[in-house]
There are 2 protein chains.
Amino acid sequence: MTITEVSEKYGISVDTLRYYEKAGIIPRVTRNKSGIRNYQEEDLQWVQLAIWMRRAGLPIDALAKYVKLNLAGEDTLPQRVELLKTQRLDLERQRQEIGEAMTILDRKIQKYEERLKNNT
Amino acid sequence: MTITEVSEKYGISVDTLRYYEKAGIIPRVTRNKSGIRNYQEEDLQWVQLAIWMRRAGLPIDALAKYVKLNLAGEDTLPQRVELLKTQRLDLERQRQEIGEAMTILDRKIQKYEERLKNNT
DNA sequence: TGTTGACATGGAGTACACTTCAGGGATTAC
DNA sequence: GTAATCCCTGAAGTGTACTCCATGTCAACA
């Protein structure tokens, strides 16, 4: 699969795909002899993971660290778990804060709509 | 209330407080004759709102627009509601994406822990 | 009256995550 | 064979949200 095809499949720019690779949140993608990327199933799984995690807001450097641990072999299993758990906690906290903000927005919206109704 | 006191009360730097004001997500704070900020109850409410919304990830420019509409008077009620609803939708979507990422993280963590158990 | 310390402003600097660009190969279409 | 198209890399540029800095004012205290 070419980089353009991957780009279209996941709705992400080719520049971003190359950037993700350079940043280390996707391991080096399989290439042909002339150096052109040819994404294999495994590459695509990394792409997918990177995109999901970035959409949720996980920082590049945490993801890069995770990828590096993966490439470093089986000894790094405990560190990988710890890293994932830390990131999970951050997501949990962020979700909480979004929930609180939504409650406040809802209250404001409701008040405004009451005022609008009474003003007709 | 001085800017330092507000900073301590909300756990945010004085630089950020001044920046928020300059960026327009807090209306111009009450000052004494020599130009020093003296936060009143109303100012504090704006500060609180700005901090909550920023923590949830609402962009500066959306908040600035909301503040501007507020200062522009009663005619802007419908636009304010619309703006708040748009931002609410964005938060909803973001919360959704965080939820999905958490599910994936959970699956990975679980797999790792099984592998770790079988490796002892 | 001189020094200290909190606060002011405008502007430069930083961190993060892309995004764009310049300059070059390799393939394909004619 | 050459023009068009797709891809490559390294480096510079951009947008967002702060964060830091130089310089200056002002009130209070020794």
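Chain naming here is simple, since letters A, B, ... match the order of the sequence lines and numbering starts at 1 in each. The shown structure was predicted, so the numbers you read here are calculated from the model rather than taken from an experiment.
Rounded to whole Å, the distance from CE on A:Met1 to P on D:dC6 is 16 Å. Note: CZ (A:Arg31) to P (D:dC8) measures 7 Å, nearest angstrom. Here C:dA8 presents its P atom at 14 Å from NZ of B:Lys33, a figure rounded to the nearest Å. One can place CG of B:Asn32 at 11 Å from P of C:dC7, the figure rounded to the nearest angstrom. D:dA17 atom P lies 14 Å from atom CD1 of B:Ile26, rounded to whole Å.
Residue A:Arg37 has a polar side-chain atom (N or O) positioned under 4.0 Å from OP1 or OP2 of D:dT9. For B:Ser34 and C:dC7, the shortest distance from a side-chain N or O to OP1 or OP2 is not below 4.0 Å.
A donor-acceptor pair shorter than 3.5 Å cannot be found between the side chains of A:Ser7 and A:Thr4. Checking B:Arg80 against A:Tyr112 by side-chain atom types alone, a donor-acceptor pair falls below 3.5 Å. Donor-acceptor pairing under 3.5 Å is recorded for the side chains of A:Ser34 and A:Asn32.
No salt bridge links A:Arg54 with B:Glu97; every basic N to acidic carboxylate O contact stays at or beyond 4.0 Å. Using a 4.0 Å cut-off between charged nitrogen and carboxylate oxygen, B:Lys108 and B:Glu113 do not count as a salt-bridge pair.
Residues of residues 44-62 of chain A having a heavy atom closer than 4.0 Å to DNA chain C, listed by number: A:Arg54, A:Pro59, A:Ile60. A heavy atom lying under 4.0 Å from DNA chain C marks the following residues of residues 4-25 of chain B, by number: B:Thr4, B:Arg18, B:Lys22.
Within 6.0 Å of CD on A:Glu42 lie no more than 12 heavy atoms contributed by other residues, nucleotides or ligands.
Here B:Glu21 contributes atom CD and B:Asp43 contributes atom CG; the two are 8.0 Å apart, rounded to the nearest 0.5 Å. The structure places CD of B:Gln79 at 5.5 Å from CG of B:Leu69, a figure rounded to the nearest 0.5 Å.
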